[in-house]
2 protein chains.
Amino acid sequence: MTLDLSVDRSSPVPLYFQLSQQLEAAIEHGALTPGSLLGNEIELAARLGLSRPTVRQAIQSLVDKGLLVRRRGVGTQVVHSKVRRPLELSSLYDDLEAAGQRPATKVLVNTVVPAAAEIAAALGVAEDSEVHRIERLRLTHGEPMAYLCNYLPPGLVDLDTGQLEATGLYRLMRAAGITLHSARQTIGARAATDGEAERLGEDPGAPLLTMERTTFDDTGRAVEFGTHTYRPSRYSFEFQLLVRS
Amino acid sequence: MTLDLSVDRSSPVPLYFQLSQQLEAAIEHGALTPGSLLGNEIELAARLGLSRPTVRQAIQSLVDKGLLVRRRGVGTQVVHSKVRRPLELSSLYDDLEAAGQRPATKVLVNTVVPAAAEIAAALGVAEDSEVHRIERLRLTHGEPMAYLCNYLPPGLVDLDTGQLEATGLYRLMRAAGITLHSARQTIGARAATDGEAERLGEDPGAPLLTMERTTFDDTGRAVEFGTHTYRPSRYSFEFQLLVRS
DNA sequence: TCAATGCGTATGTCCGGACAATCGAACTAC
DNA sequence: GTAGTTCGATTGTCCGGACATACGCATTGA
């Protein structure tokens, strides 16, 4: 069966984007079965009344997502494996919400403190200058799941405790006009201290999953530094990687 | 100072790639300082004797890498933050080698076993069909750092114990003509069992960092499944993320 | 003084075409 | 029958141009 594709030239949505979305939907929906050829670009362009560069741009975006593979002299085919999340920079809150977990947040601390050396270095501010400090407990199904401690440079976001409990930190930052660009992460493990064990409902010495992250906006400014600890029985990092070729 | 750029039209290397490499080198080297504008595409194309699409392709590849940011009506500027590793699908061996650690590998088991249910499901083969099983101990500075257990479908790679001790598994697979495409990973933590503690030189119940991974080639075939455990005092996952926009 | 408007500039999108490089298969010669 | 060759198909690279869109800034107006 030939795929039912069409584009709307009166729409403000770019043509290549319309096409790539339709192709992605067709793959998701099963209309394009894994391993099948996509048909050559020239003919596809002619069929849709588009130019080849436009069609190529649409296909390329799906190749970058890992859904398609191009082979010179052969064609473009659909990759078998179901790519779920190519590991984007996401907030724990969004992740849980997407998984249908209905997360709850309890703000333990929301204050301004002088920056310790490590914090100042990560955020690129002067030592002992004032930074925001937020401590939160994230719960699912009424049980604590993670303890989140974050630091932010002053003046970037208005950190309202009520909003922090209703949504994620990243969403607040984006709403404040910050363009998130990249983040440097370290994931490790260690034994719980007495205080951590108490907060998370674990025993002292129990294994904890830890994550440390510094986030940058598109000007290269550090906009957030956080140290998180997770209960490994209730959370693990799961993601999909693509080879960069 | 105007940047010293040039392309070699007689080279088989694509022009856009030559340009992107020179730009990347200039950024790395500091000739292009963070935050500086790159100059408009039209003029850059004219200066190099290239067309604008070619210049755009070069710039776009660096934008995808997170080194540049485009702003319509403004220009293209260099991002401040130093992007190190955009989290590619890499082997532990290569990572350690790149860090100058000189890793050592001890192959504990290299055999063929019937696939248990979990393994068969991950690799997409029939239960109890034969699969390769490899158990390795990775050491740095003479100390154990990770215990790696991997399963591979039969007939893909010739698993020579000597080669396994001299290099990483991924390198062997690539050498065997396998095109690695994507991998699904889960990172977590748990307490060490008695056997694990013994192998890694930790105490029973000590926190361990765990990673489970299934790797696929570009036809969507699962080509490897592995469960790894790391000593958190000696290893943690460190990487850089980019927002997909 | 401050807000609204207009303009220049740069990137975003799209077109139509050309030639090269590579893969797979059919074909041919031994 | 097998190995080497040719050839068609398809993607890779590159060109030159056109118009749309958004941002920053200067100008203008209230």
Side-chain angles (χ1 to χ4, degrees), chain A residues 5-23 35-64 67-79 177-179 181 217-219 245, chain B residues 5-23 32 35-64 67-79 177 179 217-219 244-245:
Chain A
L5 296 170
S6 62
V7 291
D8 175 12
R9 298 198 88 96
S10 67
S11 164
V13 178
L15 299 177
Y16 77 90
F17 193 77
Q18 293 183 37
L19 177 54
S20 74
Q21 278 202 320
Q22 288 183 42
L23 289 175
S36 64
L37 274 303
L38 196 59
N40 75 45
E41 299 169 349
I42 314 274
E43 195 235 338
L44 189 55
R47 186 146 62 95
L48 289 167
L50 297 173
S51 70
R52 189 179 163 219
T54 303
V55 172
R56 274 185 69 80
Q57 193 173 0
I59 292 177
Q60 188 58 47
S61 71
L62 297 182
V63 171
D64 292 339
L67 277 76
L68 299 177
V69 177
R70 318 179 90 136
R71 290 179 203 277
R72 189 190 300 209
V74 180
T76 305
Q77 29 183 317
V78 182
V79 170
I178 298 174
T179 310
H181 177 264
D217 72 358
D218 57 2
T219 70
S245 52
Chain B
L5 297 170
S6 62
V7 291
D8 175 12
R9 297 199 89 96
S10 68
S11 163
V13 178
L15 300 177
Y16 77 89
F17 193 76
Q18 293 183 37
L19 178 53
S20 74
Q21 279 203 321
Q22 288 184 41
L23 289 174
L32 276 175
S36 64
L37 274 303
L38 197 57
N40 74 44
E41 299 169 349
I42 313 275
E43 194 233 339
L44 188 55
R47 185 146 63 95
L48 289 168
L50 297 173
S51 70
R52 190 179 162 217
T54 302
V55 173
R56 274 185 70 80
Q57 193 174 0
I59 292 177
Q60 188 59 47
S61 71
L62 297 182
V63 171
D64 292 340
L67 277 74
L68 298 177
V69 177
R70 318 180 89 134
R71 290 180 204 277
R72 187 188 299 208
V74 180
T76 305
Q77 33 182 310
V78 182
V79 170
T179 310
D217 72 358
D218 58 2
T219 70
R244 64 160 197 176
S245 53

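Since the structure is predicted, the reported quantities are computational estimates derived from the model, not experimental observations. Numbers restart at 1 for each chain; the letters A, B, ... are given by sequence-line order, proteins then strands.
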What's the shortest heavy-atom distance between B:Ser20 and B:Ala58, and which atoms?
CB-O, 3.6 Å

Of the non-hydrogen atoms in B:Val55 and B:Leu50, which two are nearest, and what is the gap between them?
CG2-CB, 4.2 Å

In Å, rounded to the nearest 0.5 Å, how long is the span from CG of B:Asp217 to OG1 of B:Thr219?
3.5 Å

Apply side-chain contact (heavy atoms from CB on, under 4.5 Å) to residues A:Leu5 and A:Leu44 and explain how you reach the verdict.
CA-CA 9 Å; A:Leu5 296 170; A:Leu44 189 55; 4.0 Å; yes

Atom-to-atom span, CG of B:Leu62 to P of C:dT11 - whole angstrom:
14 Å

Let me confirm one number: the OG-CD distance from A:Ser6 to A:Gln22, rounded to the nearest 0.5 Å.
5.0 Å

Interatomic distance, B:Arg70 CZ vs C:dA10 P [rounded to whole Å]
14 Å

Angle separating the five-pair end axes of the helix from C:dT1-D:dA30 to C:dC30-D:dG1, nearest 10°, is 10°

Using a 4.0 Å cut-off to any heavy atom of chain B, which nucleotides of DNA chain D are the first and last in contact, reading 5' to 3'?
D:dT13 to D:dG24

Going by the rule salt bridge (Lys or Arg N to Asp or Glu O under 4.0 Å), which residues pair with B:Arg71 if we only count those two or more places apart in sequence or in a different chain?
A:Asp218

Taking the side chain as every heavy atom from C-beta outward, state whether A:Leu19 and A:Leu23 have any atom pair closer than 4.5 Å.
yes

Test side chain to side chain contact (heavy atoms under 4.5 Å, CB included), reference B:Thr54, set B:Leu48, B:Leu15, B:Ile59, B:Val7, output is B:Leu15

Name the residue closer to the 5' end of DNA chain D, choosing between B:Arg72 and A:Gly75 according to the nucleotide with the nearest heavy atom.
A:Gly75

Give me the residues of residues 6-17 of chain A where at least one heavy atom lies under 4.0 Å from an atom of DNA chain C, by number, or none.
A:Arg9, A:Pro14, A:Leu15, A:Tyr16

Quick one: does any side-chain atom of A:Gln77 pair with a main-chain N or O of A:Leu68 as donor and acceptor, under 3.5 Å?
no

Taking CG from B:Leu68 and C1' from C:dA10, how many angstroms apart are they, rounded to a whole number?
15 Å

Considering only heavy atoms, which members of residues 49-61 of chain A lie under 4.0 Å from some atom of DNA chain D?
A:Arg52, A:Arg56

Once rounded to the nearest 0.5 Å, what's the spacing between atom CD of A:Glu43 and atom CG of A:Leu38?
10.5 Å

Less than 4.0 angstrom between a side-chain N/O of B:Arg71 and OP1 or OP2 of C:dT11, yes or no?
no

Identify the heavy atoms of A:Gln18 and A:Val13 that sit nearest to each other, and give their distance.
NE2-O, 2.9 Å

Set of residues satisfying side-chain contact (heavy atoms from CB on, under 4.5 Å) with respect to B:Arg56, sequence neighbours excluded:
B:Glu41, B:Arg52, B:Arg70

Rounded to whole angstrom units, what separation is found between the CD1 atom of A:Ile42 and the C1' atom of C:dC19?
12 Å

